[in-house]
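Shown next, in structure tokens, is the structure this report addresses.
In what follows, chains are A, B, ... by sequence order, proteins preceding strands, each numbered from 1. Values reported hereafter were calculated over all heavy atoms of this structure, with side chains retained and with hydrogens, waters and symmetry mates removed.
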Amino acid sequence: MSKIGLNPIGKTVARGGGWESLGRISRARINCEHSLSCGQTFSWGKLRDGSWVGVIGSSAYRLIPEPDGCRIESLQGNRQALLDYLSLSRNWEQILQELPSDPALAAARSAGQGLRILNQDPWESLASFLCSPVKPIPEIRRITWKLRAIWGSSIAGGRFFTFPTPEALASAKQERLLAIRLGFRARFLQATARHLVDDPDFFPNLRTQSTREARTRLCELPGVGEKIADCVLLFGLGRLDSFPIDVWMERLLRRLYFPERARIPTRELAEFALTHFGPYGGYAQQLLYFWYRQTAGRSPSRELELSPEEEAELGF
DNA sequence: AGCATTCCTCACAA
DNA sequence: ATTGTGAGGAATG
């Protein structure tokens, strides 16, 4: 890329809106495609050229696949923040060794090589998953990006936006939330945002609590049940011992782990998952979810492709 | 035995 | 592709 000048903090900027190069990441450390399309985040979109764009905090990043890894570019970002987000310092090999070996998980492990659980912001995870009930992934992605564009703030004066604060969503006009097709989710999202405005220590307090305790607190929020609570624990609070069960995971567990017992109650499935997969069960859940959707004919990464109009709007 | 309470499951709406 | 609610039935004390 060619340099055209210096931005206010003295870094070189590139043609095409100020994207700055931040080096590269090797394939051995993470498979970005797997990690961004396994259902844990809605903050990333795939461009036609195969690269991924997304926002972390108040910076935008672009990950451009190369044969043995990917190249990083950013708008107002820094390399370390991205590496922290990608959770590269966790010992994933060790975690894999702690997981049980059963045929389904073995298949999932080989399909999901390099998949990593990201370190996402808990509020962003919570708000995003409150948008998710009975919506397909592409639509959840579009809705959360609209939340950003309407109630977030612009990054570098461009078309990428921070995730809106609880305050911003708490004071949003219900009518505008409904206009982005949130439906019944609007009321829960806003009510939960208001809880967090009233209790700013909510997430800091959860960090010191046990997973079970934190789960109970999360389930007290309007619109948050066990599934969403588990997603926030796993994706936003790094609790690898939580195991979210949605309709896909329920089908998978029934078909692959209890093929002979059609009438096993959902509650027993959840208990089984916790004990069978153990303290890193959440990682097993992501591997299984990613693999099962693939084998069920979904293409997780294709579901996150941006439309040509969206790409144009972002300047690509 | 009858009764109150709790727990679970299912169906349905948003 | 989730939660909240209420009806109805089984288990508990």
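Summarising the geometry, the separation between CZ on F42(A) and C1' on dA1(C) is reported as 11 Å, rounded to the nearest angstrom. Atom P of nucleotide dT9(B) and atom CD of E226(A) are separated by 12 Å, given to the nearest angstrom. One can place CZ of R185(A) at 14 Å from P of dG4(C), the figure rounded to the nearest angstrom. In this structure, L189(A) places its CG atom 17 Å from C1' of dG4(C), rounding to the nearest Å.
Panel note: side chain R254(A), backbone R251(A); no donor-acceptor pair is recorded below 3.5 Å. Put simply, the side chain of S74(A) never gets that close to the backbone of N78(A): no donor and acceptor are under 3.5 Å apart.
Out of dT3(C), dA1(C), dT9(B), the shortest distance to the side chain of I228(A) is found at dT3(C). Of the listed nucleotides (dT9(B), dT2(C), dA1(C)), dA1(C) has the atom at the smallest distance from the side chain of R298(A). Ranking dT2(C), dA1(C), dG4(C) by closeness to the F188(A) side chain, first place goes to dG4(C). Nearest nucleotide to the R267(A) side chain, out of dT3(C), dC8(B), dA1(C): dC8(B). For F184(A), the listed nucleotide lying nearest its side chain is dT2(C); candidates were dA1(C), dC8(B), dT2(C).
Between F316(A) and F160(A), the ring-plane angle classifies as perpendicular under the 30° and 60° cut-offs.
DNA chain C is contacted by both R251(A) and C219(A); R251(A) maps to the nucleotide lying nearer its 5′ end (nearest heavy atom per residue).
Under the 4.0 Å criterion applied to side-chain N and carboxylate O atoms, R79(A) and E20(A) are not assigned as salt-bridge partners.
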